[in-house]
Amino acid sequence: MLLILYAVPRLLYTAWSYSSMKDKDKDAPKNWILLLVTFTAAIGETTTSSMNGAIRFLPFTIVGLVLTAGLMHTTFLHNVHRGRSGILSVYWVLVVAFGVVKTRTLTVTYISTLEPTRYAFFIVQFILALALLFLEQVPTRTTNPILTNPEATSSPASILFFHWIQPLITKSYKGQLDFSDLWAVPDFLSLANAHAAFSKHWAVEVKKPKPSLLRAIFKAFGLLYISPILCILIASTLQYLQPSLLNPLLTFINSYAKDSQGAYINTPQPLSVGIVVAVGLFLLSVIASIFSAWFFKLACNFGFVIRAAMIAAIYRKSLRLSPASRQTATVGEITNRMSVDAENFFWSAQSLGLVVTTFYQIALALYFLYGQLSWAIFAGLGVILLTFPLNYWIGSSFNKWMKGKMQNMDRRMRLMNEIIGGIKIVKLYAWEKPFVDKVNEAREDEVKFLKQFGQGIAWITVMFTVAPYLVSIACFGVYAGVLADKEHPLDSVRIFVSLTQNVSSFMQTYVALNRIRDFLLLEEVDDSAVLHLPYDTTLPSIVLNSASVAWAADAKPTLSDVNLSIARGSLTAVIGRVGSGKTSLISAAIGDMYKQGGTIEIRGSVAYVPQQAWIINATLRENIIFGLAWDESRYRRIIEACCLLADIEMLPGGDMTEIGERGINLSGGQKQRVSLARAVYADADVYLLDDPLSAVDAHVDRALFENVIGPEGLLKEKTRVLVTHGIHHLQNVDEIVALERQRVAECGTYAELMALQGETYKLLVEYSSRPKKEEEEGEAELEEKELDGKVLPVEKEVEPTEEKKLNNGVLVEEERREEGQIGWKVYVTYLKACSLRYVVMFMVVMLLSQGVSVGSRYWLQNWSTQLDAASSIGYYLGIYILLVFGYAFFSFMTGWILLAVAGIRASRVLHGQLLERVFRLKMSFFDTTPLGRITNRFSKDLSSIDEKIPLMMQNWVFMLTSTISSIIVIGVTTPIFLAIVPPITYAFYWVQSHYLWMSRDLKRLESASRSPIYQHFSETLGGISTIRAYDQSDRFVLENVKRSDANVGAFYLWVSSNRWLQLRVEFLGAFIVLGSAIFACVSRESLSPGLVGLAVSYAMTVTGDVTWLVRSYCDMETNIVSVERIKEYVELPTEAAEVTDFPLAEDWPARGVIEFRNYSTRYREGLELVLKGISFNVAQGEKVGIVGRTGAGKSSLTLSLFRLIEAAGPSSAGVAVAEESVEEKRSDNATLQSHDTDTGTGGIYIDGVEISRLGLTTLRSRLSIIPQDPVLFIGTIRDNLDPFGENDDKALWDALESAHLKEHVGGLEGGLNAPVSQGGENFSVGQRQLICLARALLRKTRILVLDEATSATDVQTDELIQKTIRKEFKDRTILTIAHRITTILDSDKILVLDAGRVAEYDTPDKLLADRSSKFYALAKQTGQNRSAEDITAE
């Protein structure tokens, strides 16, 4: 009584609470119904019709009321905090299910008439419970329906049947999906959460003697795999219960057997018995499908989490790599680990469960067969056991093949990353063909293992498909009289096919496990190398005490026994020859080198400007503020001080203009100024500036020093260490550190070193001899000229990257995605790559294979009906064995033809077409396309073509022929079954078509979202030193998480749509089983049990076959996107022809005469001209210096000479000429040609031949260039000097001697074979430029272009190089672009460019003598120029 008094008020209070909820429009009706259910249940159970009509209070009624109150309270809390409850849904399902049974019981036992009150209350309760079941499925509303994944708030039924993804499928069917349509990734799949769970266990493993990555993964995520394993085991059990219902069905059919007189032999069973069995088969199939789908769902979640953890771990590890580790793990290799190896964990998560269930199914099959075959099953078990050694051998072989393939893929991707990163050099040197051969060589080694892998798959397919038949032969041969389950022994092929598909997956994952483990165990940067201390105004900011550093732990020190103390707030200049250790000093200070001895201390925060500016693919503003808080006033001051205002004004989107990857749409000087502005904005305590002024013009050099770095600049109160070759700044610094032979040679103030009269004194006296008064006068005069407007303002240098989509500041276009269905041309492309001959052979052999398979089944059925089967066992068994071995032969041939022949051919052809086309694409393509987007085609897309598409095509064709043969067998056996084939076929088509639209869209989005991950990853690896110096690792990790989660979001929805498809297809397959069984019951009097068994067993098989048919087709459709993406690149427009039929002399150009005739060019149609009707002549053997402010067109001129950009149309040339002023036509001799608009479009002539008539390879191979950005490829010094072995060692050493590198290279271990690390990082930038000079010396062409070739060298080395050039190239034509006026003062002619036009062209003496000339103004801006008389005297 007390319990009732508690329960009833509690029920009323809960119901009232429900009605006051905000979403009562959805929940209030359900809650009041729940209250009614409670009272009807209570009254119904306590009120019964008795003899005296008394009310009986039953004890369980009280308990029921209390439990109901608790249930309502739980429901209330659950709805408040989340949404719908799966547990409550199960509860109401059980209530309804048991209610149905109880209703039947009450009806059969006449309770409905004996106790009508109780019966009425129960019926009301049952109806209300049914209503509650449906109301529980109503989804709750979300606060943000656009971004929130509806899976979290959907009803239990919607989640169970994957209906929550239906809105996305419908939207995709009606129109294309975009990234904005995708829902956010669930929290449990977030990269950050996955890494947090994994990292703590991996941290423990790393401390062990033998760390195990597998153990760390198991500890972090192992428990997550219990649920999918349980699901697949339940599904397998239910699938094996289906054949057990075959016996009652056959018994039912057999009860209608008649004798010769037409009388029933046995008593016929009621039709309802057969219908119940048929429905039972249907329900078992449906429930098994649900558990199977949820196995894949949960296993995929498990795989997603591991994949996310691996990607996060790889990215974080890459930020921690030591200098030596960065050389052993290149960008391409690390990208492979992230794109391919991490992906293998996802697929193996499903394979693991399938392999576990395979052995479980074998055990179940043996158990069920034991009841039919008794001890004979052990013969079959013996066959299974005999396959284990073969499995082991195949597994170890797969391991070897996959390891070899991945190693060669790493090598190929390393080459591709380097080549694409240095594609400009490859084109300028006409190295396309040799590098294509080099990549193809690596590819052939990769394909060799791929072919062995395909052959192995073919063999294992035969073994696992024939194994069930061998088991049947063994069992039937031992106990031939028992053939009860001969139609479907051991579930036929499907048990073992799962092993076929998953052995390779396991081997791939095993290789991936070891590769990722080895990477995660690589040496990390030593955080203790530099002691970071708090900022202290009383102590030096930087202290090096007996410090010795090197690029490798056991390498020769690049700085030895350095003792240095840099005072707080001082400006210290570091000078020295190339290779003396200047960059090593800066790198040591940021902790980027091995400390072999001594101590390094830094007090306060650090800002770092590298010698080669590192620019990220973001807006100009984002590159400067670099993740810090926005301060507009400070930002404005900084960009003005860094001379960026004029550049920003010219950008289409101002400072919000997107800057391309590697700063591709900025000139070298602009990149360096952005890098400097980033450092200034950081407002650090210590500034480490590694020669930031070498890439800028003389006037910008002076402005940056005065406004930013110098004593009166923005950083005047900061501690600054400036590596510089600009000796004209030395008298304005607080201290000078001179390095020589990796040691500190001199250290002191300017006055102290001048008094010391050492090497620094000699350097200053020799190269800065101009009197101070003259310099001041020159500067004053220059300022006056600038006020008069004679010197043009800074303009943007237009690089070849201007062929970009600069629309509202957007540079890099969003990756293009195809729309709609996969075009038939894509399939034709792949089939042609396979060879149509091989495709036809494959189809013929596949049909023969299926025919033999069906024949073997029919032979068994025929055997079972023969009365003399026992006496003729040899005959029947012999034919069966022949059929089995025929099936084995054809199965092997199908796998061998497609996987080891046609598939390999397709891989070769498509890779070859892609590689050839990418090398032939225009330079503008590489400027606007991120590196990761290109390498994605060569890694992930090509990997799909290598490994997935052939297997999927084989599976699809196999399932198609198997399904067709099954339907034919069922149709022949029960013709009435064919009546449901059209509606079932249409239903399959409807499901497939709706799925395919979404699947294609999601796969394209997933592929497109993968490229930004690799692009950001490559970008990160290129700027690790900068990221660590600015302590920005966490921000870049978050960006990696953001991009990876976007990819996982698309991938997760794609996987979920697969489950949507699986359930619906398998439900339709269950209807096939139901139809087959019911039609067998309907035709019971005309069918034999053997035929019914064959038909129903085929129907149960076809359920799985149809499921895999639709899924394999859909998988093929989604993976064929890789072919589509490669086809897209193969069809892109290319450069001009490599070779033409224009007759050319063998020794062209024999003289080296260059003539520009009214030449104009732009980077693409729609952009303004960058060279405007320029005309000038360069005589044979003449040395011409080319100068001009940033944006004048210097680099554009050299690119035009090599035809990286082509001549513009005639109209534009004429307009350009008309605009020219008289001043811009200055010429003191006849070499400057007049502009004649009648000459047409204009052109460039070398030795009288217009270069546009030549093939690009012909042209570029006859010219030489030393580019501004020195590019070295990983390998050896020999490889970089002479990549294709065209010169002997003597020629190589002579070239190094001429480039003043012989002594340094001779001192390296290995000499010419000394290693060159990725990007040449183990050499200074100056040394890299000298290697490029030596490379040019070996080419021995008549024309040489030097594009800021010595900008990173000291003045002494620069002068030596100029002497070398004058000596080695004395009879060759040389065009030299330089910021240092001294570099070109000894030229025969000076060409001054201004805004794309020829401003001046004359000898240096004449131009310097004319104080109104632009060249004179430029010369006066540097403190290191010498007079013309000095040059002449020399």
Check: [X] side chain, [Y] main-chain N or O, donor-acceptor pair, under 3.5 Å:
X	Y	answer
S891	Y887	yes
R905	Y838	no
Y830	K825	no
S907	G903	yes
S292	A288	no
R411	Q407	no
R412	F938	yes

Atom [atom1] in [X], atom [atom2] in [Y]: separation rounded to 0.5 Å?
X	Y	atom1	atom2	result
N936	R1125	CG	CZ	5.0 Å
Q350	C300	CD	SG	3.5 Å
Q954	F842	CD	CZ	5.5 Å
S348	I306	OG	CD1	6.5 Å
S853	F890	OG	CZ	12.5 Å

Quiz item: Is the count of non-hydrogen atoms from other residues, nucleotides or ligands lying under 6.0 Å from K451 atom NZ greater than 12?
Solution: no
Side chains of [X] and [Y]: closer than 4.5 Å at any heavy-atom pair?
X	Y	answer
S939	M416	no
M310	I217	yes
M953	L898	yes
Y225	L352	yes
Y827	E1124	no

Quiz item: What's the verdict on side chain to side chain donor-acceptor pair (under 3.5 Å) for Y995 and S999, showing C-alpha distance, side-chain angles and the deciding distance?
Solution: CA-CA 6 Å; Y995 165 78; S999 180; 3.3 Å; yes
Quiz item: side chain to side chain contact (heavy atoms under 4.5 Å, CB included) with L233: which residues, sequence neighbours excluded?
Solution: I229, Y360
Practice problem: Look at the rings of F346 and F304 and say which category their plane angle falls in: under 30° parallel, 30 to 60° tilted, over 60° perpendicular. | Solution: tilted
Practice problem: Please state whether the rings of W1054 and F1051 are parallel, tilted or perpendicular, taking 30° and 60° as the class boundaries. | Solution: tilted
Quiz item: Would D941 and K1127 satisfy salt bridge (Lys or Arg N to Asp or Glu O under 4.0 Å), going step by step from the backbone distance to the final call?
Solution: CA-CA 11 Å; D941 289 324; K1127 182 174 178 286; over 6 Å; no
Quiz item: Taking the six-membered ring of Y1129, is NZ or CZ of R917 closer than 6.0 Å to its centre and within 45° of its axis?
Solution: no
Self-check item: Residue among R515, R517, K405 satisfying salt bridge (charged side-chain N to carboxylate O under 4.0 Å, His left out) with D341
Solution: R515
Exercise. Go through N1119 and M952 one step at a time and tell me if the side-chain contact (heavy atoms from CB on, under 4.5 Å) criterion holds.
Key: CA-CA 9 Å; N1119 280 278; M952 289 175 178; 3.1 Å; yes
Quiz item: Do E1006 and R1010 meet the salt-bridge criterion of a basic N to acidic O distance under 4.0 Å?
Solution: yes
